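Only one structure is covered here, and it is reproduced in the block below.
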Amino acid sequence: MKTFLICPVRGQDPAVTKTFVDRLEAEGFSVHWPPRDTDQVDQVGLRICRDNADVIEAADVVHIVWDGVSQGCLFDLGVAFALGKTIIPLQLPAPTDGKSFQNMITAWAAE
C-alpha cells in the first residue's frame, strides 16, 4: 500500500520524522517521504507542490506528522482533502478549544 507522509521539511531535522518512516515501512507501506523522495531544489516551491500533489493523488492513504507550524504541511493537507484521501494522523499538536487544523484533521480521520 502506498502512502504519502505529510511532514515538515524546511528547518526540520529529518530524524524527527524518520522514525515514523521506518515504522510505516516495517508495517509494509511504500512511503513517499518528502525530505528523501521529493527533489527539494526549487527556487519558489511551485514544482515541489506539484510533485507532491501528484504523489498524494497516487497514494492509497496519507499519513501526517505536523508540528503546528509548517505551511507546506497545510498545503499538502489541502491537496489530500480535495482529493478525498483517507488521512491517518501520527503526530499533531494538542487539541484546542474550537476550530483549529489539528481538530479538523482529527475529525477528518475519524470519518
Side-chain angles (χ1 to χ4, degrees):
M1 183 173 291
K2 294 185 289 187
T3 187
F4 183 95
L5 178 60
I6 295 175
C7 63
V9 175
R10 281 183 295 153
Q12 182 76 255
D13 180 356
V16 172
T17 51
K18 178 74 166 95
T19 56
F20 293 102
V21 174
D22 292 343
R23 187 176 91 206
L24 291 168
E25 289 176 341
E27 292 173 7
F29 285 97
S30 173
V31 179
H32 184 95
W33 181 38
R36 175 187 69 194
D37 302 319
T38 300
D39 179 1
Q40 297 296 320
V41 179
D42 182 350
Q43 287 282 351
V44 297
L46 180 60
R47 186 208 27 85
I48 290 171
C49 289
R50 287 183 174 145
D51 289 354
N52 284 348
D54 289 343
V55 180
I56 291 168
E57 184 173 26
D60 298 303
V61 297
V62 174
H63 288 84
I64 181 166
V65 173
W66 184 47
D67 59 5
V69 177
S70 171
Q71 294 177 6
C73 286
L74 294 178
F75 184 90
D76 291 343
L77 187 66
V79 170
F81 185 86
L83 292 170
K85 294 296 179 174
T86 297
I87 192 102
I88 303 169
L90 301 175
Q91 182 174 303
L92 299 173
T96 63
D97 293 329
K99 294 179 195 173
S100 66
F101 273 106
Q102 55 266 43
N103 291 356
M104 185 281 294
I105 295 165
T106 301
W108 173 14
E111 288 188 331

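For clarity, every value in this text was computed on a predicted model and none was experimentally measured.
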Problem - Linked, directly or transitively: Phe20 and Ile88 (ILVMFWY side chains, under 4.5 Å) - result: yes
Practice task
Taking the side chain as every heavy atom from C-beta outward, state whether Gln40 and Pro34 have any atom pair closer than 4.5 Å.
Solution key: yes
Practice task
Would you mind reporting whether Pro89 and Trp66 have side-chain heavy atoms less than 4.5 Å apart?
Solution key: no
Practice task
Could you tell me whether the side chain of Leu5 reaches within less than 4.5 Å of the side chain of Leu90, counting heavy atoms only?
Solution key: yes
Practice task
Could you check if a side-chain atom of Phe101 sits within less than 4.5 angstrom of a side-chain atom of Leu92, using non-hydrogen atoms only?
Solution key: no
Practice task
Identify whether Val61 and Val21 are in the same connected component of the hydrophobic contact network (ILVMFWY, side-chain heavy atoms under 4.5 Å).
Solution key: yes
Handout entry: pair Ser100-Pro95: side-chain heavy atoms closer than 4.5 Å
Key = no
Exercise for the section: State the CG-NZ distance between Asp22 and Lys18, to the nearest 0.5 angstrom. Expected result: 3.5 Å
Handout entry: Side-chain donor-acceptor contact under 3.5 Å, Thr38 with Asp51
Key = no
Handout entry: Nearest heavy-atom neighbours spanning Arg47 and Asp39
Key = NH2-O, 2.9 Å
Practice task
Could you tell me whether Glu27 atom CD has more than 12 heavy atoms of other residues or ligands within 6.0 Å of it?
Solution key: yes
Problem - Check: Ile64 and Asp76 side chains under 4.5 Å, non-hydrogen atoms - result: no
Handout entry: Residue list, ring-ring contact (aromatic ring centres under 6.0 Å, His included) with Phe29, at least two apart or on another chain
Key = His63
Practice task
Using the rule that two of Ile, Leu, Val, Met, Phe, Trp, Tyr join whenever any of their side-chain heavy atoms come within less than 4.5 Å, decide whether Leu24 and Val62 are in one cluster.
Solution key: no
Handout entry: Joint hydrophobic cluster, Phe81 plus Val55, side-chain heavy atoms closer than 4.5 Å
Key = yes
Problem - Joint cluster assignment, Trp108 & Leu83, ILVMFWY side-chain distance < 4.5 Å - result: yes
Completion exercise
Closest non-hydrogen contact found for Cys73 with Pro8 is SG-N, 3.3 Å
Practice task
Report the distance from atom CE of Met1 to atom CG of Asp60, rounding to the nearest 0.5 Å.
Solution key: 5.0 Å
Exercise for the section: Could you tell me whether the side chain of Gln12 reaches within less than 4.5 Å of the side chain of Thr17, counting heavy atoms only? Expected result: no
Handout entry: Partner set under ring-ring contact (aromatic ring centres under 6.0 Å, His included) for Phe75, not counting sequence neighbours
Key = none
Handout entry: For Asp54, side chain to side chain contact (heavy atoms under 4.5 Å, CB included) partners two or more places apart
Key = none
Exercise for the section: Among Val79, Thr3, Leu77, find the residue that satisfies the side chain to side chain contact (heavy atoms under 4.5 Å, CB included) test when tested with Ile56. Expected result: Val79
Practice task
Work out which heavy atom in Pro35 is nearest to a heavy atom in Cys7; give both atom names and the distance.
Solution key: CD-SG, 3.9 Å
Completion exercise
CD1 of Ile6 to CH2 of Trp33, rounded to nearest 0.5 Å, is 15.5 Å
Exercise for the section: Look up atom CD in Gln91 and atom OG1 in Thr19, then write down how far apart they are to the nearest 0.5 Å. Expected result: 8.0 Å
